[in-house]
Amino acid sequence: MWGKVAKDALLHGRIYIMEHVELFFKSIFIDNMVFATFLGMCSYLAVSKKVSTAIGLGAAVIFVLAVTVPMNWLLDQYVLREGALAWLGPEYASYDLSFLSFILFIATIATMVQLVEIVVEKFSPSLYNSLGIFLPLIAVNCAILGGSLFMQSRDIPSLGLAFNYGISSGIGWFLAILAIAAIREKIRYSSVPAPLRGLGITFILTGLMAIGFMSFGGMLTGGDDGAKEEPAKEQVEHLKQLDKNKKEKEVVEQKTALNQ
Amino acid sequence: MAEVAEQEEKVKVPKEPLFSKKNRKLITDPLTDNNPITIQVLGICSALAITAQLKASIVMAVSVLFVLGVGNVVISLMRNIIPSKIRIIVQLIVVASLVIIVDLVLKAFAYELSKELSVFIGLIITNCIIMGRFEAFALGNGPWKSFLDGIGNAAGYGLILVIVGFFRELLGSGTLLGIPVLGDPIEKTGLYAFGYENNGFMLLSPMALIVVGLIIWVQRSRNKALIED
């Protein structure tokens, strides 16, 4: 009996981890904030002239997203949604405050950014010196509010996943700004047509990069269905065995083909 | 959007120079040489994400026009009582309230479209163009000037949105505002009779970036003063 319990726990653990891994890669590559939804473009274009500043801003974005998305998830789950106030008592169960979500989300973000700024200044002056100037900028970065709004519209199911979503979409944004900053540092030495120099070529480059990132779209199409079916362990073993057999067969076939 | 600006210019009040040369410049400048998108690089996110259809672009442009026009006036009226330390939060609250109004109106009268625009209406709050104008203009100028500045900048933003939306919808799906203008691709009428095909690539998001890049190219080759070095 205990064996079965352990097996179940393992299986659930596996699904749980897979869920996280999937969301992680999905938010970084497939739903990349810059290339798929164009969030945070303003600061992406304005602060990407040098790699070092780009790293500073990118790190700040990861940090703030990781804090605000779970906060707003809690807010959404326990205050804003239809029926979310049920924990206050049955008479509150029918309230639907979702129309307030914009104002509450942005208030959370603005206050969190201030709070983070104060805390970082107190406990890590060196981090503050490198992130400091970017933190106030971030309150109005669409990537931050966008992260919370997408979290709400995509119905992220748990706090852990919301945290994961915050961090990984931040990493996606970080990668994007890092890449464009590096390209812009190099492109200064190429002869771009004069009217395109600076902003114009950055737009076109970002477009080309976005086309490149579209190729990640197929990365998880198989994984989405797999997670829902919850394959039993025996079946997995069986499938593995089948695969092995198949591979062996193929190898044999290849060998025979080669021999012929 | 350009018509709005022109109409307002025609209504001239003789005694008080409501539309003095300086005030007119507030509206016309952002349309061309000081365009929020192509020159100031503000408010790019929404400009790119929702321009696959002309209709969505127009709705977005009008929403921003409303939010920026009204918001600029409100901030300008409050400019002397806002403590400068918490001004960002005050600004955000003002914008968020206005955006909630826009969102609810869209949900009530154009539900399909509001579904299509999804989170991007909410993202007007953090549209840098709005915070940018609050910070740079409304906090230091009177309500009337701020109103003109808001309208002008929103119009300049809307102009680019409409241009991008126009080309993306025309070349991508061969329609304008949902009405087929190039003929029927299945029946092979109109242009399609000559073997023309829709370029589905225009509907994908990367093309928005490239189209804006091309607009910048055209604008800067016409006005050499704007070229960066």
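The model shown is predicted, which means the values in this text are computed figures rather than measured ones. Excluded from the calculations below are hydrogen atoms, water molecules and symmetry mates; all remaining heavy atoms, backbone and side chain alike, are included. To find a chain, count down the sequence lines: A is the first, B the second, and so on, and within it residues start at 1.
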What part of A:Ala36 is in contact with chain B, defined as an atom under 4.5 angstrom from a non-hydrogen atom: side chain, backbone, both or neither? backbone

Taking every heavy-atom pair that is under 4.5 Å apart, which of B:Leu104, B:Leu209, B:Leu204 has the most such pairs with chain A? B:Leu209

Determine the option with the most heavy-atom pairs under 4.5 angstrom with chain A, choosing from B:Ile100, B:Ile93, B:Ile129. B:Ile100

Listing request: all salt bridge (charged side-chain N to carboxylate O under 4.0 Å, His left out) pairs with a residue in residues 145-162 of chain A, at least two apart in sequence or in separate chains. A:Asp31-A:Arg154, A:Arg81-A:Asp155

Measuring heavy-atom distances to chain B, does A:Met209 have an atom under 4.5 Å in its side chain, in its backbone, in both, or in neither? neither

Would you call the rings of A:Phe216 and A:Phe29 parallel, tilted or perpendicular, taking 30° and 60° as the class edges? tilted

Exam field: side chain B:Asp149 to backbone B:Lys145, donor-acceptor pair closer than 3.5 Å: no

Heavy-atom distances under 4.5 Å only: say whether A:Leu149 touches chain B with side chain, backbone, both or neither. both

All heavy atoms of B:Gly142 vs all of B:Arg79, minimum pair found to be CA-NH1, 3.8 Å

Taking the six-membered ring for Trp, are A:Phe35 and A:Phe213 parallel (under 30°), tilted (30 to 60°) or perpendicular (over 60°)? tilted

Region of A:Ser153 in contact with chain B, defined by heavy-atom distances below 4.5 Å: side chain

